[in-house]
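These numbers come from the heavy atoms of this one structure, side chains and all, not from hydrogens, waters or symmetry mates.
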Amino acid sequence: MSNMKSHVKMETVSTRQSPVSRIARRTRGQSHGPITRLMSPSDFGRLLKPFVFLDLIDNQGKPFSGFGLHPHSGIATLTYIAEGSVRYEDTNGATGLLPAGGLEWMRAGGGVWHGGGSGEPGRTRGFQLWIALPPELELGPSESVYLSPEVIPHNGPARVLLGSYGTATSAIKAPSPMNYLAVRLKARERWSYQPPAGHTVLWTAVGMGSVLVPDELRQGELVAFRPSSDVTEFEAKSDAEFVVGSAVPHDYDLVLGSHSVHTSAEALREAEARISAIQSRLIQQGKL
């Protein structure tokens, strides 16, 4: 849905470390209308790759036209809707409405075009995450998956969007070892996350309410934790919703195009040629 063209310069603030704080950096990103960009490859994305972009979506109930068809390559996007709905379309032939609790998975591979925007009237809130693909997938075929709320597995308060947690495993095959969870807690409830072995990349972003880690994190904040596989404890200060990502580090360069993230300039050039070919077809079909 969101367009990678508008790279936003982010202002980040390093937290003062207390003896118990594990936070390396934190940010509230930069907002443009209903979209707040919390992470991009020029800042937190370099620290947290393979996670390279993160947008918080919240239209506050106002109409939002969204984005028309636009291209991506070398990355996968995962859109998770916590409240409301979004409409979607892509050049793999899929169109529809994604309801609250559902997710859109779009692995762009060597090139795909997709678009969308708010669905039914009312508030729409959620997160859109971009993940850098490894060399064996960055020029591969594109893949689109749309999952309804009832088929997304959960373990306790955590819904497993990617990877595995406890007894729950996502139906989507992650492009590299990683977990991505959506968690809801009532005020004063506690939850802990033990990353799998090797998952030294760890971050969280708050979509609603506030949580203690033990530092207080409020709605609209993203924090990157210092590299570790230690357990992280979360306590809800109020009713809260947040996402948590962990992964084995992505040991490749981030080579950026207007709509793409690749591991090399050669891969980027090949993907841009494919994107142009799809564009020509869309123009012939009257879709652009």
Side-chain angles (χ1 to χ4, degrees), residues 1-8 10 29 35 37-57 67 69-80 86 88-92 94 103-116 126-146 161-163 170 172-180 201 203 205 222 243 245-279:
M1 255 184 4
S2 185
N3 194 331
M4 288 175 55
K5 273 187 174 180
S6 55
H7 295 301
V8 177
M10 292 176 47
I35 306 295
R37 177 142 294 173
L38 295 172
M39 182 196 315
S40 67
S42 61
D43 43 68
F44 277 69
R46 295 204 177 274
L47 183 66
L48 297 174
K49 59 182 184 178
F51 307 107
V52 292
F53 282 95
L54 182 70
D55 285 348
L56 171 62
I57 305 162
F67 298 95
L69 284 171
H70 59 278
H72 292 306
S73 68
I75 56 172
T77 66
L78 192 153
T79 305
Y80 171 70
V86 295
Y88 61 83
E89 63 176 323
D90 64 54
T91 50
N92 290 331
L103 69 82
E104 172 200 19
W105 169 255
M106 171 62 71
R107 192 182 70 201
V112 72
W113 287 63
H114 75 158
F127 287 97
Q128 187 172 64
L129 175 70
W130 283 258
I131 297 164
L133 297 176
E136 63 270 21
L137 294 175
E138 66 179 322
L139 292 174
S142 62
E143 173 189 65
S144 55
V145 178
Y146 300 89
L161 310 182
L162 275 180
S170 172
I172 299 170
K173 181 175 175 56
S176 58
M178 68 182 65
N179 285 344
Y180 182 44
V201 171
W203 59 273
L222 177 144
V243 289
S246 72
V248 171
H250 179 79
D251 291 330
Y252 304 97
D253 292 334
L254 300 180
V255 180
L256 308 181
S258 298
H259 316 277
S260 310
V261 179
H262 284 274
T263 65
S264 69
E266 294 78 13
L268 176 61
R269 282 194 295 270
E270 182 172 340
E272 286 179 336
R274 297 186 192 181
I275 284 172
S276 294
I278 297 172
Q279 181 180 29

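- Partners of Q279 by side chain to side chain donor-acceptor pair (under 3.5 Å), not counting sequence neighbours: none found.
- For the atom pair OG of S73 and CG of L139, the computed distance is 7.5 Å after rounding to the nearest 0.5 Å.
- With sequence neighbours excluded, the residues that form a side-chain contact (heavy atoms from CB on, under 4.5 Å) with T263 are P135, E138, H250, Y252.
- Taking CD1 of I75 as the reference point, atom NE2 of H262 lies at 8.5 Å (rounded to 0.5 Å).
- Two rings, from H259 and H70, have their centers 6.0 Å or more apart.
- To the nearest 0.5 Å, atoms OG1 (T77) and CG (L129) are separated by 8.5 Å.
- In terms of heavy-atom proximity, L256 sits nearest to L268 at O-CD2, 3.7 Å.
- Summarising the geometry, atom CD belonging to Q128 is positioned 9.0 Å from atom CG belonging to L78; distances are rounded to the nearest 0.5 Å.
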Query - Criterion side-chain contact (heavy atoms from CB on, under 4.5 Å) on L222 and L54, from CA distance to verdict - result: CA-CA 9 Å; L222 177 144; L54 182 70; 3.4 Å; yes
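- Across W203 and V243, no two heavy atoms sit closer than the pair CZ3-CG2, 3.8 Å.
- Here the side chains of Y146 and D90 are in contact, with some heavy-atom distance below 4.5 Å.
- Qualifying side chain to side chain donor-acceptor pair (under 3.5 Å) partners for E270, counting only residues two or more places apart in sequence or in other chains: R274.
- Using a 4.5 Å heavy-atom cutoff, the side chains of L162 and W105 are in contact.
- Scanning both residues, G45 and L254, for their nearest heavy atoms gives O-CD1, 4.1 Å.
- Taking NZ of K173 as the reference point, atom CZ of R107 lies at 9.5 Å (rounded to 0.5 Å).
- At least one donor-acceptor pair under 3.5 Å links the side chain of R46 to the backbone N or O of P41.
- With sequence neighbours excluded, the residues satisfying side chain to side chain donor-acceptor pair (under 3.5 Å) with S142 are N92.
- Legend: residues meeting side-chain contact (heavy atoms from CB on, under 4.5 Å) with L56, ordered by chain and number and at least two apart, are T36, L38, F127.
- Taking 4.5 Å as the limit, some side-chain heavy atom of I275 sits within range of a side-chain heavy atom of S260.
- Atom OH of Y180 and atom CD1 of I172 lie 11.5 Å apart (nearest 0.5 Å).
- W130 carries R37 over the face of its six-membered ring, with the cationic atom under 6.0 Å from the centre and within 45° of the normal.
- Of all non-hydrogen atoms in T91 and I278, the two that sit nearest each other are CG2-CG2, 4.2 Å.
- Taking S246 as the reference, Y193, H199 meet the side chain to side chain donor-acceptor pair (under 3.5 Å) condition, with sequence neighbours excluded.
- Using a 30° and 60° split on the angle between ring planes, H114 and H72 fall in the perpendicular class, above 60°.
- The two residues N179 and G163 come nearest to each other via the heavy atoms OD1-CA, 3.3 Å.
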Requested in this report: Check the pair V52 / M39 against side-chain contact (heavy atoms from CB on, under 4.5 Å), numbers first and verdict last.
Outcome: CA-CA 7 Å; V52 292; M39 182 196 315; 5.5 Å; no
